[in-house]
Amino acid sequence: MKTTVPDTQEIADVLEKIAQLLELHGENPFKIRAYHHAARSLERLSEPLQVLVEEKRLGAVEGIGKAIEEKIVELVTTGRLAYYEELRSHFPPSLFELFEIQGLGAKKIRLLYEELHIDSIDDLEKGCLSGQVALLPGLGEKSATNFLKAIAFYRRHVGKFRLDQATLLADFLITDLRAHPAVGQCQPAGSLRRRKESIGDLDLLVSSKDPEAVNSFFLKHPLVSEILMQGPTKSSVYLKNEEGESGLQCDLRVVKPEEFPFALLYFTGSKEHNIRLRSRALESGWSLNEYAFTPQRDASTPPPVHSEKELYAALKLDFIPPELREDRGEIAAAALNKLPKLVEWTELKGTFHCHTKASDGENTLQEMSEAAEELGLEYLGIADHSKSSVQAHGLHEKELLVQIQEIRQRNQENKKIHLFAGSECDILKDGSLDFSNEILSQLDYVVASVHSSFTLDEAAMTQRIIRAMENPYVTMIGHLTGRLLFSREPYALNIPAILDAAAATKTLIELNANPRRLDLDWRWWSLAKEKGVLCVINPDAHSTSGLQHLRFGIDIARKGGLTKEDIFNTASLKNIQTALQKKRS
DNA sequence: GCCGTTTTCGGCCCGACTGTTTTCAGTCG
């Protein structure tokens, strides 16, 4: 373990590892869940862990009791945890990777380790091929074959699928399913419906009086590459990817029409959200499953339910939009009628941070303008790269001034959509900007972004961005953490400190809607809102089709609990022009 | 291990499918 103080995420990871180790040790499942739960609680703390430890308030965090509090304190103060080290000493660290293999859980991993000394994915593969795995009690030829398939799948798809990729596949399937005569209602569920940034598998839900017909239609669908499991109500397949190989996993559930709202709620999740709802149902004496409420002995009769809304109402809750169902306080808020009224797509009036051919975009200013108009936007901001982004053909001062002139000219000629002249100006290593204030002052707005020196330490990177925000011409910070989903980690950054500075300097924080980024992450937006920081949803469009990414931006804003009022570009053109001047004056 | 208008013990969400089994354990969501 590192000698420096571990950060909150690292501590949450240790708690998760403890949970896995306890599973391997065959511990009480509720104890295991307690560690999972505590890890999740840590991940959504709204204040620094260090402060909670110093003020001895950790025990007040839900899911953290005396025992786990002591362990966290030990980790924070010494950087080590004797309990964890003791647990770990019984198993090699490589064993953890076996949990990633579909069909393998703690019991079988332990069996494989104790009987065959298998402690890695490579070992498991060898054991399956040699026939040894099939000889173990409780396992057989079929298990070994399935492990080999699962290993191959894991190697092809370490990581997950992006929201846009999963959405595209789901749209195809749902369109075809809805056209089938035996299909009543058909909805996506799972993390796709909750609009998470990454999707592990696709969950589709259908209501039908003829489940067999639906299942057989689904299993023969041209997008299906391989059948994993098939039952009367549930089947599971791999879908074809671009190369025609097995890609995303897709589960189809077929239920009776009257069961649909229960099943939709259940399969939408999240798991933690469902667990809470079931506990809440039990308070009324009803057991809740994916089909119905079942009153326990002496309990009152549950009301009839025809929709998710009625289902929540039966539990004395406001309807909770799927995006919020992550067990982050939404149930308590729904009980008190305090859920936010989430922003809607139709409330978005314009956007900033779009590129053209002048730097690294694919389309001209005119084409971008027309596409935005078609999308129904009132205004569009053009922000091509600045000169330091050589790889992206960043504009030099002279080229930028020409572009500003062109934009002013277009606004004279076309009154249907207003164009704003901006720049995505590099934040240099020391926090200064790529253009002088004299140049910046001629623009309508500035998106300041980091495109270099990603490896600065947290303090330096934080200071770098804060310095940029202190510039009166910097309107907003682009893709704050620089993450690229599944390919680049966010750079080290003290996000609460950045949000404080954003509030103090009246700088907007971008929600970059490009599905590879979705940055800033949705988990931070409630804190941003609390601190009074405004969000601006930008597509970072490098083509006309890139403007469509705005929809994912709305998804993530909703997931972050943001309302129309929390988002800068829900303002009309009339109001936005004065708002853009606000920081400068 | 956590939690409490049933409060310091005794609960803790619930069901489908698979593979290896002759009645069920393990895994998954």
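Please read these numbers as outputs of a predicted model, since none were measured by experiment. Each chain gets a letter, A, B and so on, in the order its sequence line appears, and its residues count up from 1.
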**Study point:** Cationic N near anionic O, under 4.0 Å, A:R483 to A:E489
**Key:** no

Check your understanding: Do A:Q249 and A:S236 have a side chain donor and acceptor closer than 3.5 Å?
Key -> yes

**Study point:** Separation of B:dC14 P from A:L277 CG (nearest whole Å)
**Key:** 12 Å

Check your understanding: Base, sugar-phosphate, or nothing for A:E27, non-hydrogen atoms under 4.0 angstrom?
Key -> nothing

Review point. Rounding to a whole Å, what distance do you find between A:L265:CG and B:dC13:P?
Key: 16 Å

Practice item. Quick one, give me the B/S/- string for nucleotides 19-29 of chain B, reading 5' to 3', where B means a protein heavy atom under 4.0 Å from the base and S means that only happens at the primed atoms, P, OP1 or OP2. Key: SSS----SSSB

Study note, to complete from the structure: In Watson-Crick or G-U wobble terms, with both distances under 3.5 Å, the base opposite B:dC2 is B:dG11

**Study point:** Residues which pass salt bridge (charged side-chain N to carboxylate O under 4.0 Å, His left out) with A:K529, listed by chain and number, not counting sequence neighbours
**Key:** A:D566

Review point. What's the CG-C1' distance between A:N215 and B:dC17, to the nearest Å?
Key: 13 Å

Review point. Would you say the side-chain atoms of A:D318 and A:N337 include a donor-acceptor pair closer than 3.5 Å?
Key: yes

Review point. Going 5' to 3' along nucleotides 1-12 of chain B, which nucleotides have protein heavy atoms under 4.0 Å from the base (write B), which only from the sugar-phosphate (write S), and which from neither (write -)?
Key: BSS--------B

Practice item. If a pair satisfies salt bridge (Lys or Arg N to Asp or Glu O under 4.0 Å) and one of its residues is in residues 161-187 of chain A, list it, with sequence neighbours excluded. Key: A:R162-A:D164

Practice item. For A:K31, check salt bridge (charged side-chain N to carboxylate O under 4.0 Å, His left out) against everything at least two apart and list the hits. Key: A:E27

**Study point:** Distance, P atom - from B:dG4 to B:dC13, rounded to whole angstrom
**Key:** 14 Å

Cut-off 3.5 Å, no hydrogens considered: what does the side-chain donor-acceptor table look like for residues 261-271 of chain A, sequence neighbours left out?
from, atom 1, to, atom 2, distance (Å)
A:T268, OG1, A:R193, NH1, 2.8
A:T268, OG1, A:L264, O, 2.6
A:S270, OG, A:E272, OE1, 3.4
A:S270, OG, A:H273, N, 3.3
A:S270, OG, A:R325, O, 3.1

